[in-house]
Amino acid sequence: MKTIDLAKKNHDYVIQMRREFHMNPEVSMQEYNTCRRIKEELEKMGVEYKGIAGTGVIATIKGTKPGKTVALRGDIDALAVVEETTHDYVSKVHGMMHACGHDTHGAMLLGAVKVLNEMKDEIEGTVKFFFQPGEEVGKGAAAMVAEGALEGVDGVMGIHISSDMPVGTINADPGPRMASADCFKVTITGKGGHGARPEQCIDAVLVGAATVMNLQSIVSRELSPFDPVVVTTGSIKSGTRFNVIAPTAVLEGTVRYYKPEYKQVIADAIERIAKSTAEAYRATAEMEYSSLVKPTINDDACAELAQESAAKIVGKENVVHTPAGTGGEDFSEFSSIVPGVMTRLGAGNVEKGITYPHHHGKFDVDEDSFVYGVAFYAQYAIDYLKKNPKPL
């Protein structure tokens with residue numbers, strides 16, 4: 001398979017770029033150095049590119065034959081995590097780390113550019129490469145779309161590396177794969193005072209605690225048990241001293257679901273419960289609610305094609321099926337407009353001790369997986385364009 005051969009040829013390059021990105025992680029929507037380096041590498045390859053969404057980049061390769069356009073996406077931002085690994089390429093920025101593998105996505109996508117640049121005669125159309133900023137804050141994909149990234153694009157494919165899948169495996173299931181990610185903020189106002197005189201006060205801490213507990217009834221008693229939904233209160237901020245009754249409490253949390261209609265249903269329920277609970281304790285509550293990303297739902301035809309392409313790379317027996325998750329992914333900003341598929345690339349290895357989850361300070365990947373990722377990116381693009389010819 002030519003894609004595998006070329007991926008192997010460029011393996012050292014991809015490792016080098018991954019380690020460079022890993023040592024120099026950058027905040028979401030501020031990936032200035034990463035963006036600059038990607039552009040420099042594209043210039044060396046002689047590949048057309050343009051900047052987008054501040055720190056994003058779109059590269060373009062046109063095949064020798066006319067056809068449709070497919071986009072390959074890789075995100076490039078890092079996380080506010082303190083790295084705990086002992087590699088000689090650990091993060092140089094304390095408190096920032098590529099703890100979700102976006103360094104590998106950017107590097108593998110550059111590898112795919114190299115591979116497909118050598119395979120122009122097999123490309124029946126155009127391939128675009130989306131180096132996307134700001135996935136971790138749910139803003140990058142939407143910003144790219146707003147600036148016209150999807151104009152003329154017929155389909156899109158993304159890869160997310162996964163430490164919980166063994167190296168040499170690929171997942172590309174159809175249907176719902178990742179959930180919507182919304183956030184809420186409830187501000188409770190009571191009446192402060194001395195901790196020894198509660199009868200003179202309205203305790204915001206008590207109201208906040210009751211509200212957290214009551215919100216759990218939304219999933220268990222207001223929604224179908226057959227629909228995956230999560231309502232999590234992740235932060236409670238209230239009080240200043242052990243003997244002072246707090247006048248205010250601020251609750252912040254996240255909501256995950258697949259059914260788009262649940263957005264308003266859950267938002268209304270949170271507000272109703274928060275305000276009613278506060279009223280029961282003589283306090284008041286106000287809610288703010290916002291959406292970060294839509295659910296990621298893989299197109300059936302794209303998923304089927306991705307499985308076929310993956311089988312060419314890792315073998316049919318290593319194209320695995322996994323349950324959908326409730327993590328969020330702003331790849332949905334692309335795939336909700338054009339048919340798309342978000343896939344997962346195995347990069348875990350128990351024998352090498354690569355078992356830590358994403359967003360952990362010891363998160364790591366088996367770099368042997370990069371050959372499969374680069375080849376998979378390239379193979380999918382070639383197969384998509386062959387299977388979806390442009391009408392004459």
Side-chain angles (χ1 to χ4, degrees), residues 3 7 10 13-22 24-26 28-29 31 33-42 45 47 49-61 70-79 98-117 127-136 138-141 143-145 149-150 153 155-162 170 172 178 296 306 309 329-335 340-347 358 365 367 369-381 384:
T3 51
N10 290 289
Y13 168 79
V14 176
I15 290 175
Q16 174 192 335
M17 292 308 304
R18 180 262 171 151
R19 293 184 178 185
E20 180 181 333
F21 292 151
H22 192 88
N24 300 280
E26 294 182 287
S28 300
M29 305 306 291
E31 308 92 336
N33 181 65
T34 307
C35 173
R36 177 183 62 80
R37 288 293 293 117
I38 289 169
K39 290 178 178 178
E40 288 174 354
E41 291 303 310
L42 293 171
M45 299 177 207
V47 172
Y49 70 86
K50 68 175 183 178
I52 191 169
T55 49
V57 182
I58 295 180
T60 303
I61 293 179
V70 63
L72 304 176
R73 178 269 205 168
D75 40 11
I76 60 174
D77 55 333
L79 283 161
H98 272 291
C100 201
H102 297 186
D103 52 340
T104 74
H105 301 165
M108 289 191 297
L109 198 55
L110 281 173
V113 175
K114 276 183 167 286
V115 169
L116 289 171
N117 207 28
V127 184
K128 290 184 177 291
F129 304 83
F130 289 179
F131 295 89
Q132 183 211 304
E135 188 278 331
E136 294 292 354
K139 295 180 179 179
M144 290 182 71
V145 170
L150 289 178
V153 173
V156 61
M157 175 267 214
I159 292 176
H160 204 302
I161 207 157
S162 297
I170 293 175
M178 303 186 80
T296 298
S309 299
E329 237 297 352
D330 74 349
F331 177 81
S332 58
E333 294 294 332
F334 301 127
S335 61
V341 56
M342 169 54 70
T343 68
R344 297 176 64 202
L345 174 71
H358 293 243
V365 299
E367 293 180 328
S369 64
F370 299 167
V371 168
Y372 305 119
V374 170
F376 183 36
Y377 265 138
Q379 192 65 51
Y380 181 84
Y384 178 91

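Values reported hereafter were calculated over all heavy atoms of this structure, with side chains retained and with hydrogens, waters and symmetry mates removed.
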Next item on the list: Mind running side-chain contact (heavy atoms from CB on, under 4.5 Å) on D75 and F331 for me, showing each step along the way?
Entry: CA-CA 9 Å; D75 40 11; F331 177 81; over 6 Å; no
Checklist line | Trace of the side chain to side chain donor-acceptor pair (under 3.5 Å) decision for E329 with T296 | finding: CA-CA 7 Å; E329 237 297 352; T296 298; 5.5 Å; no
Next item on the list: Kindly determine whether V365 and R18 satisfy side-chain contact (heavy atoms from CB on, under 4.5 Å), including the steps that lead there.
Entry: CA-CA 11 Å; V365 299; R18 180 262 171 151; 3.8 Å; yes
Note to self: Using the rule given for side-chain contact (heavy atoms from CB on, under 4.5 Å), can you reason through R19 versus E367, listing the C-alpha separation, both sets of side-chain angles and the distance that settles it, and then say yes or no?
What the structure shows: CA-CA 10 Å; R19 293 184 178 185; E367 293 180 328; 2.8 Å; yes
Check: Please walk me through it: do L72 and V127 pass side-chain contact (heavy atoms from CB on, under 4.5 Å)?
Finding: CA-CA 7 Å; L72 304 176; V127 184; 4.0 Å; yes
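Note that the NZ atom of K114 and the CD1 atom of I61 stand 11.0 Å from one another [nearest 0.5 Å]. Here L79 contributes atom CG and E136 contributes atom CD; the two are 4.0 Å apart, rounded to the nearest 0.5 Å.
Around the OH atom of Y372, the shell of radius 6.0 Å holds no more than 12 heavy atoms that belong to other residues, nucleotides or ligands.
Of the possible polar contacts, none joining the D103 side chain to the F21 backbone as a donor-acceptor pair under 3.5 Å is found. Checked by atom type and distance alone, the side chain of N117 pairs as donor or acceptor with a backbone atom of M45 at under 3.5 Å. Here the side chain of S28 pairs no donor or acceptor atom with the backbone of P133 at under 3.5 angstrom. E31 places a side-chain N or O within donor-acceptor distance of the main-chain N or O of G134, the cut-off being under 3.5 Å. For Y377 (side chain) and R73 (main-chain N/O), a donor-acceptor pair under 3.5 Å exists by modelled atom type.
Residues D77 and M29 fail the side-chain proximity criterion, which asks for heavy atoms closer than 4.5 Å. Here the side chains of L110 and L42 are in contact, with some heavy-atom distance below 4.5 Å. In this structure, V341 and Y380 have side chains that are in contact, with non-hydrogen atoms separated by less than 4.5 Å. No side-chain heavy atom of V47 sits less than 4.5 Å from a side-chain heavy atom of F129. Residues M108 and F376 are not in side-chain contact: their nearest non-hydrogen atoms beyond the backbone lie 4.5 Å or more apart.
The minimum heavy-atom distance between D330 and G140, with the atom names listed, is OD2-N, 3.5 Å. Between I161 and C100 the shortest heavy-atom distance is CG2-O, 4.3 Å. Shown here for S162 and R344, the closest heavy-atom pair between the two residues is OG-NE, 3.0 Å. Residue L345 comes nearest to S369 through the heavy atom pair CD2-O, 3.7 Å, listed as atom of the first residue, atom of the second, then distance. When all heavy atoms of A378 and V115 are compared, the pair lying nearest together is CB-CG1, 3.8 Å. Closest of all the heavy-atom pairs between A141 and Q132 is N-NE2, 3.4 Å.
Defined by atom type and a distance below 3.5 Å, a donor-acceptor pair is missing between the side-chain atoms of S309 and Q379.
Taking the ring centroids of H160 and H102, they lie under the 6.0 Å cut-off. In this structure, the ring of F334 has its center less than 6.0 angstrom from the ring center of F130.
Scored by the salt bridge (charged side-chain N to carboxylate O under 4.0 Å, His left out) test, R37 finds E20, E40, E41 as partners (sequence neighbours excluded).
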